[in-house]
Number of protein chains: 2
Amino acid sequence: MAAQTDTRTKILASADRLLRRRGFNGFSYQDISEPLGIRNAAVHYHFPTKADLAVAVIDGYRRILRDRTAAFMAGDGDPIAQLDGFIDFSTAECCEESTMCPVGALSSDYYSLPEPIRTAGNRLLEELLAWMTRVCTVGREQGKFHFEGDPAIKAEQIVASLQGARQLARFRGAQAMQDIAGQIRRDLSIDSSRGS
Amino acid sequence: MAAQTDTRTKILASADRLLRRRGFNGFSYQDISEPLGIRNAAVHYHFPTKADLAVAVIDGYRRILRDRTAAFMAGDGDPIAQLDGFIDFSTAECCEESTMCPVGALSSDYYSLPEPIRTAGNRLLEELLAWMTRVCTVGREQGKFHFEGDPAIKAEQIVASLQGARQLARFRGAQAMQDIAGQIRRDLSIDSSRGS
DNA sequence: GTCTATAACGTGATAGAC
DNA sequence: GTCTATCACGTTATAGAC
């Protein structure tokens with residue numbers, strides 16, 4: 001059972017990276033099985049369809065998000081630290097792997113996506129936006145962030161910027177991601193020595 | 001020759017929409033030939049490889065961009081009108097067709113893209129950013145836009161926001177695109193009654 | 001739990017007739 | 001300039017042995 005779990009974990013880790021790097025239509029079962037030294041069919045054993053595999057990856061991100069934001073959503077913690085945590089996480093993935101954000105990887109393939117993946121992606125996005133909206137709301141209430149308009153829309157814009165930044169970084173290099181992250185902070189009038 | 005040109009034009013229009021809607025890996029020669037009532041091979045006659053087809057689409061956008069911005073880049077015209085023109089163009093495409101921006105459609109498939117397409121996409125992006133940088137620079141000089149930091153980075157952020165917005169709109173509907181467009185204007189302190 | 005073998009299909013692309 | 005016919009390959013997925 002240790003071996004089973006281990007194989008399953010390795011498959012999941014590989015699918016995660018491939019999905020963010022190439023998009024749902026851009027990788028195959030072979031891309032996963034070959035480097036792991038197992039067969040195509042072994043992957044199908046753990047995840048019967050490609051949709052099962054993608055949903056498992058997405059749900060993994062939903063869990064990470066929940067773990068990192070649960071305390072804040074319950075009323076505890078600093079909005080600047082929350083935002084920084086997300087930006088740093090995204091920037092690190094972008095610089096180290098040149099990957100897209102999971103939602104970005106799904107939205108480009110949206111119209112050829114099996115229904116279960118759309119649903120999982122939709123949930124991840126809604127949870128992410130609910131959290132970011134709260135970060136913006138509390139941040140402004142506490143006088144730490146400065147912006148005009150609806151916090152829910154500012155949250156949408158920040159998420160969209162970071163998603164777009166990770167894609168521009170593929171053409172222009174990781175510096176584009178760092179530049180945009182810095183500009184987001186600058187627009188919010190957060191003094192920051194890093195991120196640019 | 002009229003018929004030839006006509007078929008070629010129809011193929012190009014179809015490929016344009018398919019590329020922005022599904023990404024480079026998300027459409028096939030059949031998707032083009034079938035609705036046009038021609039054969040798979042007829043498409044290959046006009047565009048020998050799929051890369052030729054994509055490059056032709058991208059170069060079409062480079063031409064549109066150049067036509068719409070040449071006067072401004074030569075020193076004539078209003079930066080607000082330039083920005084509005086781009087946002088309106090993007091929003092219309094997003095609302096009517098739920099398509100991505102051309103650069104966004106390429107960046108998601110970046111690592112499985114034939115080299116000529118990367119080069120064409122890179123040129124389109126650099127031309128777009130050069131123009132947007134000038135829009136931000138002149139807009140601030142004229143006291144019409146308000147932002148902190150390097151105009152080139154602000155330009156990157158605006159492009160990334162709009163690219164991300166069009167992708168979020170696939171999950172959340174076209175309202176997301178309009179909301180984010182409004183927030184971009186709000187951040188620049190442009191009073192605007194539309195876009196939200 | 002993982003394997004071999006293979007089905008069933010879609011893909012981009014080419015050859016050569018007309 | 002467009003056709004028919006087909007190639008060579010990669011894809012997801014399944015059946016059944018071990």
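Chain letters run A, B, ... following the sequence lines, proteins first and then strands; every chain starts at 1.
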Which whole-number value in Å describes the distance from [X] [atom1] to [N] [atom2]?
{"X": "Lys50(B)", "N": "dC9(D)", "atom1": "NZ", "atom2": "P", "result": "19 Å"}
{"X": "Phe27(B)", "N": "dG12(C)", "atom1": "CZ", "atom2": "C1'", "result": "11 Å"}
{"X": "His46(A)", "N": "dA13(D)", "atom1": "NE2", "atom2": "C1'", "result": "16 Å"}
{"X": "Asp109(A)", "N": "dT12(D)", "atom1": "CG", "atom2": "C1'", "result": "16 Å"}
{"X": "Asn25(B)", "N": "dG10(C)", "atom1": "CG", "atom2": "P", "result": "18 Å"}
{"X": "Phe47(B)", "N": "dT14(C)", "atom1": "CZ", "atom2": "P", "result": "16 Å"}
{"X": "Phe24(B)", "N": "dT11(C)", "atom1": "CZ", "atom2": "P", "result": "13 Å"}
{"X": "Tyr45(B)", "N": "dG12(C)", "atom1": "OH", "atom2": "P", "result": "21 Å"}

Does Arg66(B) form a salt bridge (charged side-chain N to carboxylate O under 4.0 Å, His left out) with Glu127(B)? I'd like the steps, not just the answer.
CA-CA 8 Å; Arg66(B) 202 179 55 227; Glu127(B) 287 158 3; over 6 Å; no
Do you know which two heavy atoms are closest between Lys50(B) and Tyr29(B), and how far apart they sit?
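The answer is N-OH, 3.0 Å.
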I want to check one thing: is the phosphate of dT2(C), taken as OP1 and OP2, less than 4.0 Å away from some side-chain N or O of Thr7(A)?
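Looking at the OP1 and OP2 atoms of dT2(C), one of them is under 4.0 Å from a side-chain N or O of Thr7(A).
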Please determine whether a side-chain nitrogen or oxygen atom of Ser28(A) lies at a distance below 4.0 Å from atom OP1 or OP2 of dG10(D).
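Answer no for this pair, as no side-chain N or O of Ser28(A) is under 4.0 Å from OP1 or OP2.
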Which of residues 29-44 of chain B have a heavy atom under 4.0 Å from DNA chain D?
Ile38(B), Arg39(B), Ala41(B), Ala42(B)
May I ask you to say whether Asp16(A) pairs ionically with Arg20(A), meaning some side-chain N is under 4.0 Å from a carboxylate O?
yes
Side chain of Asp109(A), backbone of Phe24(A): donor and acceptor closer than 3.5 Å?
yes
Can you check salt bridge (charged side-chain N to carboxylate O under 4.0 Å, His left out) on Asp88(B) and Arg185(B), steps first, answer last?
CA-CA 12 Å; Asp88(B) 291 348; Arg185(B) 292 192 174 101; 3.6 Å; yes
Partners of Phe86(A) by ring-ring contact (aromatic ring centres under 6.0 Å, His included), sequence neighbours excluded?
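ring-ring contact (aromatic ring centres under 6.0 Å, His included) check on Phe86(A) returns Trp131(A).
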